[in-house]
Amino acid sequence: DVGRNHCINTPQRSRVNPAPSRPSPRRSRTRMIDCLSTGSIYIELFTVLRGPPKRKFCLLCCLEPKVCFLLINTEQSKLVQEQPEMARSQIVIDVLRHNFLNYDSYIDCTEPFGHPNIDDLNERVRDDGSICKGALREDKIILVREAIRTSPTIVQRQQDWMLAGLLHPR
């Protein structure tokens with residue numbers, strides 16, 4: 001169970017018509033964000049530093065002022081393997097409570113990634129809700145926020161964006 005699900009097909013809250021009592025400053029970019037939710041996990045094609053692009057699970061941390069994702073890996077990053085003090089930058093998510101996973105995995109909070117065409121991702125999520133795997137559990141969001149806040153590898157402005165985006169996931 002991934003906790004609350006804020007993806008496009010969620011009956012509890014509509015992406016197209018948000019509750020009028022909670023206007024969002026993010027609505028200025030509605031084309032980009034109407035199907036995407038911070039705090040949710042997506043399966044997306046990423047170009048990594050080595051090898052060909054591959055589909056990766058990723059956590060959407062913020063939409064504004066720039067889009068930031070954190071990648072989810074089945075193994076700890078090389079940085080953590082080489083520098084064990086960086087272990088707090090890897091948040092474990094287990095397969096038992098995150099049923100879209102095949103293995104226990106790690107949210108890598110050492111390096112945020114942007115997206116080359118967020119409008120395309122938004123359209124694909126609109127057309128195929130299975131791209132969104134669900135919302136990360138609140139207890140894990142708290143841990144991710146702490147890892148971002150204390151990260152020596154993420155610049156302060158990106159930390160601020162990501163912390164704000166995950167403070168009240170939409």
Query raised in the report: Are Y42 and F57 near enough that their ring centres are under 6.0 Å apart?
Result: no

Query raised in the report: S105 side chain to Y103 main-chain N or O, any donor-acceptor pair under 3.5 Å?
Result: yes

**Report entry** All salt bridge (charged side-chain N to carboxylate O under 4.0 Å, His left out) counterparts of D139, not counting sequence neighbours
**Finding:** R97, R137

Query - All pairs passing salt bridge (charged side-chain N to carboxylate O under 4.0 Å, His left out) where residues 80-89 contributes a residue, at least two apart - result: none

Query raised in the report: Hey, what do you get for SG (C61) to NZ (K66), rounding to the nearest 0.5 Å?
Result: 16.0 Å

Query raised in the report: Under 4.5 Å between any side-chain heavy atoms of L70 and L60, yes or no?
Result: no

Query raised in the report: Mind checking what makes side-chain hydrogen bond (donor to acceptor under 3.5 Å, both in side chains) contact with T110, not counting sequence neighbours?
Result: D108

Query raised in the report: Transitive ILVMFWY cluster of W161 at side-chain heavy atoms under 4.5 Å: who else is in it?
Result: none

Query raised in the report: Measuring from I142:CD1 to L166:CG, what's the distance to the nearest 0.5 Å?
Result: 11.0 Å

Query raised in the report: Between K56 and I43, is any pair of side-chain heavy atoms under 4.5 Å apart?
Result: no

Query raised in the report: Under the side chain to side chain contact (heavy atoms under 4.5 Å, CB included) test, which residues partner N102, sequence neighbours left out?
Result: none

Query raised in the report: D160: what forms a salt bridge (charged side-chain N to carboxylate O under 4.0 Å, His left out) with it, not counting sequence neighbours?
Result: none

Query - Hydrophobic cluster of Y106, others only, ordered by chain and residue number, side-chain cut-off 4.5 Å - result: V92

Requested in this report: With sequence neighbours left out, write down each residue that passes side-chain hydrogen bond (donor to acceptor under 3.5 Å, both in side chains) with E146, or none if nothing qualifies.
Outcome: R149

Query raised in the report: Taking side chain as C-beta onward, heavy atoms only, is I93 less than 4.5 Å from I107?
Result: yes

Query raised in the report: What residues form a side chain to side chain contact (heavy atoms under 4.5 Å, CB included) with L121, not counting sequence neighbours?
Result: L36, E44, F69, H115, I118, R124, V125, I131

Query raised in the report: So, for L136 and H98, which heavy atoms are closest and what is the spacing to 0.1 Å?
Result: CD1-NE2, 3.9 Å

Query raised in the report: Is there side-chain contact between C109 and S151, with at least one heavy-atom pair below 4.5 Å?
Result: no

Query raised in the report: What residues form a side-chain hydrogen bond (donor to acceptor under 3.5 Å, both in side chains) with T74, not counting sequence neighbours?
Result: none

Requested in this report: Check whether any side-chain N or O of S77 sits under 3.5 Å from a backbone N or O of V80 as a donor-acceptor pair, and report yes or no.
Outcome: yes

Report task. For E111 and I154, indicate whether the former's side chain and the latter's backbone hold a donor-acceptor pair under 3.5 Å. Result -> no

Query raised in the report: Does any non-hydrogen side-chain atom of M162 lie less than 4.5 Å from one of T38?
Result: no

Query raised in the report: Between CG of D94 and CG of L101, what distance do you get to the nearest 0.5 Å?
Result: 8.0 Å

**Report entry** Shortest non-hydrogen contact from L143 toward I91
**Finding:** O-CD1, 3.6 Å

Query raised in the report: Rounded to the nearest 0.5 Å, how far does CD of Q76 lie from OG of S89?
Result: 10.5 Å

Requested in this report: Is it possible for you to say whether F100 and V95 belong to one hydrophobic cluster, with membership spreading through side-chain heavy-atom contacts below 4.5 Å?
Outcome: yes

Requested in this report: Measure the shortest side-chain to side-chain distance between F113 and L71 over non-hydrogen atoms and say whether it is less than 4.5 angstrom.
Outcome: yes

Query raised in the report: Is the closest side-chain donor-acceptor distance between K133 and N99 under 3.5 Å?
Result: no

Query raised in the report: How far does CG of L59 sit from NZ of K140, to the nearest 0.5 angstrom?
Result: 12.5 Å

Query raised in the report: If we only count heavy atoms from C-beta on, is the R157 to P65 side-chain gap below 4.5 Å?
Result: no

Report summary line: Hits for side-chain hydrogen bond (donor to acceptor under 3.5 Å, both in side chains) against Q158, two or more places apart or cross-chain, chain-then-number order -> none

